[in-house]
Amino acid sequence: MPMFRAARGTRDLLPPERVGLARLERIASDLAARYGYRPIETPLFEQSAVFERGIGEVTDVVEKELFLLAPREEDGERWALRPEPTAGIVRAYVQHGMQTWPQPVKVTMTGSMFRYDRPQAGRFRQFWQFDVEAIGDPGPAIDAEIIELAARFYRDAGLPAVTILLNSIGDSVCRPAYIEELSAYYRAHIGDLPPLERARLERAPLRLLDSKDERVIALNAAAPQITDRLCDACAAHFAAVRTHLHAVGVEYQLEPKLVRGLDYYTRTAFEVYPAGATGQQSAIGGGGRYDGLVELLGGRPTPGIGFGLGLDRVLLALGTAGIAPTPEPAPVAVVVGSDPVDTITRLRIATELRGAGIVARAELGNRKLGKQLEAAARDGAHFAVIIGDELADGHVQLRDLEAGTQRPVSVSSLARELERATKSHRHGEAKQL
RNA sequence: GUGGCCUUAGCUCAACCGGCAGAGCAGCGGAUUGUGGUUCCGCAGGUUAUGGGUUCGACCCCCAUAGGCCACCCCA
């Protein structure tokens with residue numbers, strides 16, 4: 001057993017996996033830029049009150065999943081690693097007076113989030129999320145734009161089919177009355193509720209809607225639905241979101257039982273699942289409107305909407321869908337030399353090639369030539385530069401590792417020759433496809 | 001946080017009823033020292049997750065701990 005190992009719920013992303021994540025990060029940042037979202041970065045941790053106030057004291061995320069940091073001083077501030085990006089970004093919006101910026105403020109952030117759950121496949125204590133937030137626009141067009149952005153991300157990432165679940169969960173005008181009506185409904189059938197669900201009824205009645213208990217599912221068939229109880233303003237907003245979504249060709253599925261785990265959501269709420277499976281820890285994205293959050297964190301009343309997606313889970317979904325990650329670009333040249341000690345020449349030539357923009361990996365060990373070529377071939381290199389006796393009159397061998405042919409090339413023209421060879425090599429590949 | 005299943009080499013897995021821990025892959029080296037992915041040979045890699053217990057004897061049975069996984073909870 002190793003003396004140390006990565007902490008529970010965390011893991012090392014080794015090169016193949018990290019490369020996949022980097023690819024998703026690139027897709028995400030390209031996408032966000034095209035929609036006019038600019039990068040922002042908030043600290044990995046905040047005063048825990050930011051999350052407690054923002055996300056809600058009685059949510060699972062705050063109650064049992066907050067990754068708390070022990071204060072060093074007796075009366076020190078209480079900190080927590082961020083479990084989601086929105087609260088921190090809204091805190092920054094308020095702190096820096098972004099309400100004086102042109103509205104809406106559209107920002108994007110990609111990075112690690114932390115939740116102190118019990119780990120499982122696809123559920124980690126540290127995970128990677130891509131997030132966009134548009135603060136200062138009441139919608140509904142921006143709601144549709146963000147959902148369309150979300151849909152496009154999965155397409156760009158190569159995930160063929162995803163299911164977007166959409167709902168409106170009302171606002172402070174209509175939701176309290178709905179919750180009251182829903183609670184009353186459950187109380188009227190309290191005899192049919194298992195003890196666990198009875199306890200939840202008092203604390204988070206909305207949660208009963210997505211219960212997996214069969215008796216509750218049966219009850220839910222006749223339960224009042226939020227979408228039938230929206231106030232006029234919320235109903236009009238919801239209808240308009242859907243009209244806009246239709247206009248930009250985004251397909252979605254209405255899910256009146258969709259409730260989100262964070263208190264700050266209002267009106268538009270949505271979640272994304274890989275085609276087929278829903279439930280468990282398979283959600284690969286989610287978001288919604290949070291019109292009260294800015295005020296809650298000390299700012300002026302300001303509407304906002306955001307979307308976050310789990311890059312880990314997208315990677316996982318790509319894997320289970322059997323979609324191969326794009327291969328790493330092959331190095332075009334590996335410098336090998338028969339002289340076991342002439343690392344100076346190898347380094348010099350490799351440096352020169354890299355300066356010319358060529359991917360060059362130098363063999364700096366003293367393995368014999370055969371081993372070096374073997375390693376280069378296995379590495380997927382297309383060409384090898386062989387340094388040998390010809391160096392005396394300024395030449396090296398340029399070997400095509402796939403064709404198995406080689407010819408002497410002067411060191412001074414090596415970069416040029418390689419560039420030309422690489423180009424024709426790519427043409428050859430294109431023809432093969 | 002609750003319940004259950006699992007843990008043997010870097011990876012995937014063997015090892016009869018409790019009786020000497022093995023293979024494939026990956027890694028490294030060699031096959032008469034300037035030419036490669038195949039092939040052949042070899043080397044290295046283990047306190048059987050960790051700590052206790054039972055036993056003449058434990059990879060195997062029992063307990064605890066850690067980690068992983070599944071379900072719940074909940075989300076990304």
Side-chain angles (χ1 to χ4, degrees), chain A residues 1-11 14 24 55 59-65 82-86 110-131 150 194 196-197 199-200 203-204 206-208 210-213 258-262 265 271-274 278-287 306-317 334 336-340 363 365-391 396-406:
Chain A
M1 263 309 93
M3 193 183 308
F4 297 112
R5 58 204 292 180
R8 182 175 202 197
T10 71
R11 66 231 195 273
L14 306 185
L24 293 182
I55 295 167
T59 57
D60 275 27
V61 169
V62 165
E63 266 187 344
K64 44 180 250 196
E65 294 169 11
R82 62 187 186 194
E84 55 88 51
T86 308
T110 298
S112 284
M113 305 298 151
F114 303 84
R115 289 188 199 177
Y116 202 80
D117 301 22
R118 192 148 150 184
Q120 226 166 299
R123 191 172 72 182
F124 302 99
R125 288 183 173 179
Q126 177 184 8
F127 55 99
W128 278 261
Q129 211 168 303
F130 161 59
D131 179 77
L196 214 88
E197 305 286 352
R200 284 212 286 170
R203 306 183 54 247
L206 286 176
R207 291 254 73 100
L208 295 202
D210 58 3
S211 169
K212 291 179 190 83
D213 187 281
L258 172 67
V259 292
R260 307 257 314 143
L262 315 182
Y265 284 112
E271 286 181 357
V272 187
Y273 291 86
T278 60
Q280 293 103 31
Q281 48 279 1
S282 57
I284 51 174
F307 165 70
L309 73 86
L311 295 171
D312 316 65
R313 287 191 179 174
V314 171
L315 221 46
L316 205 67
V334 172
V336 301
S338 60
D339 182 337
E363 235 321 310
N366 57 2
R367 296 192 286 186
K368 53 196 289 189
L369 181 58
K371 288 291 175 188
Q372 293 188 33
L373 286 171
E374 190 181 323
R378 254 180 316 195
D379 209 22
H382 293 151
F383 301 99
V385 174
I386 301 169
I387 303 163
D389 299 334
E390 313 86 330
L391 192 64
V396 293
Q397 294 287 344
L398 176 55
R399 182 170 180 83
D400 184 325
L401 288 172
E402 275 158 30
T405 57
Q406 68 185 44

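Throughout, a chain's letter reflects where its sequence line sits, starting with A, and its residues are numbered from 1. Nothing here was measured: the structure is a model prediction, and the numbers come from that model. In what follows, every heavy atom counts, from backbone to side chain, and hydrogens, waters and symmetry copies are set aside.
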Could you state the atom-to-atom distance from [atom1] of [X] to [atom2] of [N] in whole Å?
X       : N      : atom1 : atom2 : answer
E65(A)  : A76(B) : CD    : P     : 10 Å
L373(A) : U35(B) : CG    : C1'   : 5 Å
F124(A) : G67(B) : CZ    : P     : 15 Å
E363(A) : G34(B) : CD    : P     : 16 Å
F4(A)   : G67(B) : CZ    : C1'   : 16 Å
D389(A) : U35(B) : CG    : C1'   : 13 Å
L369(A) : G34(B) : CG    : C1'   : 5 Å
L14(A)  : G10(B) : CG    : C1'   : 11 Å

message: By nearest heavy atom, map P119(A) and R207(A) onto RNA chain B; which one lands nearer the 5' end?
response: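 Per heavy-atom nearest nucleotide, the more 5' residue is P119(A).
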- line: Heavy-atom nearest nucleotide on RNA chain B taken for A375(A) and for Y265(A); more 5' hit belongs to A375(A)
message: If the cut-off is 4.0 Å, is Q120(A) near the phosphate of A71(B), judged by side-chain N/O to OP1 or OP2?
response: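 For A71(B), OP1/OP2 do have a side-chain N/O of Q120(A) under 4.0 Å.
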query: Under 4.0 Å between a side-chain N/O of R11(A) and OP1 or OP2 of G67(B), yes or no?
result: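 Looking at the OP1 and OP2 atoms of G67(B), neither is under 4.0 Å from any side-chain N or O of R11(A).
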Once hydrogens and angles are ignored, does a donor-acceptor distance under 3.5 Å link the base of [N] to the side chain of [X]?
X       : N      : answer
R5(A)   : G67(B) : no
Q397(A) : U35(B) : no
R118(A) : G68(B) : no

field: R125(A) with D117(A): basic N within carboxylate O range, under 4.0 Å
entry: no
field: Cationic N near anionic O, under 4.0 Å, R367(A) to E374(A)
entry: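 No, no charged N to carboxylate O under 4.0 Å.
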Have a look at [X] and say if it touches a base, only the backbone sugar-phosphate, or nothing, with a 4.0 Å heavy-atom cut-off.
X       : result
I284(A) : sugar-phosphate
Q372(A) : nothing
L311(A) : nothing
E390(A) : base
G9(A)   : sugar-phosphate
D312(A) : nothing

Would a 4.5 Å heavy-atom cut-off, applied to side chains only, mark [X] and [Y] as touching?
X       : Y       : value
V259(A) : R207(A) : yes
V336(A) : V385(A) : no
R115(A) : P83(A)  : yes
D131(A) : T110(A) : no

field: Listed partners of F127(A) passing ring pair (Phe, Tyr, Trp, His ring centres under 6.0 Å), at least two apart
entry: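 Expected list: none.
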Looking only at atom [atom1], what distance separates [N] and [M], rounded to whole Å?
N      : M      : atom1 : value
A14(B) : C70(B) : C1'   : 25 Å
C41(B) : U48(B) : P     : 30 Å
U55(B) : C63(B) : C1'   : 16 Å
C17(B) : A9(B)  : C1'   : 27 Å
A23(B) : G46(B) : P     : 15 Å
U8(B)  : G22(B) : C1'   : 10 Å
A58(B) : A21(B) : C1'   : 13 Å
G57(B) : G19(B) : P     : 14 Å

message: Stem finding on RNA chain B, please: runs of three or more consecutive Watson-Crick or G-U wobble pairs, both distances under 3.5 Å, sorted by first number.
response: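 Output for stems: B:1-7 with B:66-72, B:10-13 with B:22-25, B:27-31 with B:39-43, B:49-53 with B:61-65.
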statement: Whether each nucleotide of nucleotides 25-33 of chain B has a protein heavy atom under 4.0 Å at its base (B), only at its sugar-phosphate (S) or at neither (-) is summarised, 5' to 3', as --SSSBS--
- prompt: Does the side chain of Q126(A) come under 3.5 Å of the side chain of T10(A) through a donor N or O and an acceptor N or O?
  reply: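 Side chains of Q126(A) and T10(A): no pair found under 3.5 Å.
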- line: For I284(A) and P274(A), the nearest pair of non-hydrogen atoms, with its separation, is CD1-N, 3.9 Å
task: Find out whether the Lys NZ or Arg CZ of R11(A) is both under 6.0 angstrom from the six-membered ring centre of F124(A) and within 45° of the ring's axis.
output: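 Flagged: R11(A) positioned over aromatic ring of F124(A).
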field: Nucleotide of G67(B), U35(B), A76(B) approaching D117(A) most closely (side-chain heavy atoms)
entry: A76(B)
field: Closest nucleotide among C69(B), A76(B), U35(B) to the A121(A) side chain
entry: C69(B)
task: Can you measure from CD1 (I386(A)) to CD (Q406(A)) and round to the nearest 0.5 angstrom?
output: 4.5 Å
field: CD on E84(A) to CD on E65(A), rounded to 0.5 Å
entry: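 Here the interatomic distance stands at 11.5 Å.
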